[in-house]
Amino acid sequence: MTHELSFWRKYFFSEDHKVIGMQYIITGLIMAAVGGWLAYVFRYQLAYPGASIPLYGELGPAQFNSFITNHGMIMVLWVAMPLLLSGLGNLLIPLMIGTDDMAFPTVNMISIWIFILSGIILIAAFFVPGGAFGGGWTLYPPLSAGGYRNTNPEFFTALFSGTSLFILAVALEIVAMLMGGINFLVTVINKRAPGMTAFRIPLIIWFICIASLDFMFSVAPLVAGAVMLLFDNILGTGFYDPARGGDPILFQHLFWFFGHPEVYVILLPSIGAVAEVVSVFSRKPLFAYNTIVKLALVSAVLAVIVWAHHQFISGIDPRMATFFSVGTIIISIPFAGIFLSYMATLWGGSIRFTMPMIWALGMIGTFLIGGLTGLFLGSNAWDMFAHDTYFIVAHFHYTLIPVSLYGFFTACYYWFPKFFGIMLSTALGKLHFWLTFVFFTGFAFPLFFFGLKGAQRRVYDFSAFSELMEDPYVLINQVSTICAILLMLSQFIWIYSVVAALRKRKSSDPIGDNPWNANTLEWQAPSPPPHGNFETAPEVFHGPYEYSVPGHETDFHPQNKPIPNS
Amino acid sequence: MEIFPESASSYSSDIDNLFWLIMVFVGIAFVASLIILIYPLIKNHHSKVPRAEYITGNQKKHLKWIVIGMVLMAISDFAILFIEHGTWAKTQEHVPDDVELHVSVIGKQWNWVFIYPGPDKKLNTADDVVVDQLNSELHIPINKNIKVDIKARDVVHSMFVPAFRFKYDAIPGRTVTRWFRATKEGKYDLSCAEICGVLHSNMRNFIVVESQEQYEEFLSNLYQSQ
Ligand SMILES: [Cu+2]
Ligand SMILES: [Cu+2]
C-alpha cells in the first residue's frame, strides 16, 4: 500500500479512513458555518424585530421559518453527525482497534461523497422558486405534504420545490450515514488486532458502535416515512392526508422513532471522547469501565422506546403517554451511573488540567444542566405547559451544544497532535474555552426563563404578545442574541489556533508519537499515522485503562506492550 | 418578579407546583453532582497528588457508590412520576361531568375558529354559531368547567393558553376533547404553539373569562346577531 497516489486520489477520492474522517469533519464545519449564519440572522430578528440585519437586510416571516427549520436540521444531521459519529468514527476506529483501514474502504469513500451531495442539495433548496422548506425541522405533515396541492399538480415543480429537496437531502444524508454505520460495525467486529477482546476495546469505540446500532435500528421507519412524504408531495398520494384516509400522526411516530435515538447517536461518541480524556488526565483507570458499557447498552435500548415523549399532547392516548413518561424519566438512571463513573474516575486521580481535560470537564458540567432539565420535560403533566416553548429550546441547546461543541473540542484538542504531529496552543485554548463557556451560558440560560413565561417557539415576532415584550423579556432576547453571536465569533480563536499550529508544523520540535502518555493503540502509531497506520501490526495484551498500576516506574502501559510482572 | 405567566385556571397552580417539586430533586442532584465533580479537581491536582491510586472500580466496594447514585436517581424519578401523574390524570384522562359550555376550537391558517352551541345548548347541531375572525375572543364563564373539542382544518396547530397552563395539538382528521376551568376574570392569550406556515406567529386569539351574567349576555347578543 505504499505506491504513490495521485493528488485527487490522495485528498479527494481517498479510501484512507483518516482522509475520509477529515473530509467529514471539514464538511461538518462548513455546514456549521451555514447553520450558524442562519442562527445569527433569525436570532437578530428575535432580539430586534423588524430591524435591518447587518450583512443580511430584512428578514420576512417565510424566510424566518425556513431559517429556523434549516438551522435545526443542519446542526443535527449535517454538523453533529459528521463531526462526532462519522468524523471521530472514521479517524479513530481503525487506529484504536489496531488495524490498517476500514473493512469497506470504497463504501466509505462513496459515503462521504453522498454526504457532501446531500449537503449541496439542502443548500440548493434555498435558491429554488418558493425558497427552502420552512415547516420546522420535524417536517410535520400536512404542512410538509402540501407540495402537490400547492403546485397544482406539476411533477417537476413539485420535485424541485424546497420541501421535496429538503426531504431528498435528508434521505441521502441517511444513506451516507448508513454506509458509514455498516462499515464501523463490520470493522470493529472483524478487524480488531489480535488480543483486542471485547472488554479491551476503548470506550469511545464501544460507544460509536452502540450509536451506530441505535442509528441503524431507528432510521428505517424514518426513511419509509420520508419516502411517503415525498410521494405525497410529488405524486399526490395521501399517506398523511386525513381526507383520503391518511394520518398526520403516523409521520410524527416515524419521525420521533428516529428522532429520539438520534440524540444518543451523537451523544455517545461525544461522551466516549470525554471518557478517554478523563481517564488519561486523571492518570487512573476509567472507573467501572465494564459497567459503563452495560449501562450504555441499557440506555440505548431505552432510547428506542421513548420516542412519543415528543407527542404527549399530540393526539396519543393519555394513558399511553404515561408509559412514555416513565420510560423517558428512567433513562436518567443508567446515565446517572455513567456520569457518576466518570466523576469517580477523578477521585484519587492525579489530575492534569490540559486543554482536552478542561473541555471534557466543561462538557460534563454543562451537560448536567441539559440532562437534568430533561426530567422536567419527561414528566408529561409539566410538558403540557412547556412543550414547544423556549424551555425546550434552552433544554436541547443545553444537551446538544455540550455534546457536539464541547465533545468535539475535547476530541479535537486531544487527538490533534496525533493527526498533525503538533499540539494546539494551550493559551489560545483556554481563551477559546472560557469565551465559549461564558457566551454559551449567556445565550442559552436566559431562554429557560423566556420559556417559563410561556413563550412558544418558532415565532417570528413577539411584538404582539404584550407579556413577552415587557422587561426583562426583551432584554433576555437581546442578551441571548448577543451572546449567541459572540459564541460564534469565539470559534475563530480555535480556527486561528489550528491554522497557526499547522503553519508551525515543519519548524517546531517533534512532540513524539505519544505526547499524553496514553495507553490506547492510536498513540503507539506514528504521528501523523501513514497510510496503513501501523509500521508493524500491533498485538494487544491488556485493557485500555491501565494507568498508575502499582509497582511500576511508569504510570501508563500501552495496550500493545505486556505489563511486566513486578 | 413572577417567572410564570398569570395563573388563571383550576390546575395552573398544580402545574407550577410540579415545576418547583421537580426543581427540588433536580437542584439537589445538580449541586451534589457539581460537588462530586469539583471536589477531586481541587484535592487531586497533580501538584499535590503526583501519582494516582489504582482503582478500577470493578470491585463491589467501589461499585457500590455508583449503585447508590443510581438508586437515589431512581427514587427521585419515581417520586416525580408518582406526583406528576396525578396532575396528568386529572387534566388529561377524564373530562368532568358537570360541563357548563362545550365548544369547538378549530385551528386554521391563521386564526382560531370558535363554534358555540346554539340556543339548544348542544354542540354539533344545526343552530351552532361559528365565529371565524382574526384575533377574535372566546368567551367563557368563570369557575365553570369548559369542554373543548380541538380540531384543525388544514395543518397541525396547537392550542396554547399559557395562563391556563393548557396546551393541546389541533390535528387534521381528529377531534380531541379536553377541559379547563378558569378561576380568574380577564383576557388571556390563546396562541398557536405548533409551526403552521408563514403567519404562524400571527395566530393570536383570546379567551375572555367573565362572570356568568356577562357571559350569558354575550351569548344572547351572539344569538341575536345570527
Ligand atoms: Cu426524545
Ligand atoms: Cu401555528
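Reminder, nothing fancy here: chain letters follow the sequence lines and each chain counts from 1.
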For the pair Asp189(B) (side chain) and Phe465(A) (backbone), establish whether a donor and an acceptor sit closer than 3.5 Å, ignoring hydrogens and angles. no
Select one option (side chain, backbone, both, neither) describing which atoms of Ser33(B) are under 4.5 Å from chain A's heavy atoms. both
Would you say the side-chain atoms of Asn44(B) pair up with the backbone N or O of Gly349(A), donor to acceptor, closer than 3.5 Å? yes
Take Gln92(B) and Asn380(A) through the side chain to side chain contact (heavy atoms under 4.5 Å, CB included) test and state the conclusion after the steps. CA-CA 10 Å; Gln92(B) 300 280 330; Asn380(A) 41 18; over 6 Å; no
Could you look at Pro50(B) and say if it's the side chain, the backbone, both or neither that has a heavy atom under 4.5 Å from chain A? backbone
Heavy-atom distance under 4.5 Å to chain A: side chain of Arg51(B), backbone, both or neither? both
When you look at CZ of Phe449(A), are more than 12 heavy atoms from neighbouring residues, nucleotides or ligands closer to it than 6.0 Å? no
Measure the acute angle between the ring planes of Trp347(A) and Tyr39(B), then classify it against the limits of 30° and 60° as parallel, tilted or perpendicular. tilted
Where on Gln59(B) is there a heavy atom nearer than 4.5 Å to chain A: the side chain, the backbone, both, or neither? neither
Let me know if Phe160(B) has heavy atoms under 4.5 Å from chain A in its side chain, its backbone, both or neither. side chain
Could you tell me if the side chain of Pro142(A) sits less than 4.5 Å from the side chain of Val156(B), heavy atoms only? yes
Ignoring hydrogens and geometry, is there a side-chain-to-backbone donor-acceptor pair from Trp88(B) to Pro318(A) under 3.5 Å? yes
Test log, rule side chain to side chain contact (heavy atoms under 4.5 Å, CB included), inputs Phe4(B) and Phe385(A): CA-CA 10 Å; Phe4(B) 296 115; Phe385(A) 173 59; 4.2 Å; yes
Cut-off 4.5 Å, heavy atoms of chain A, and the answer for Tyr11(B) is side chain
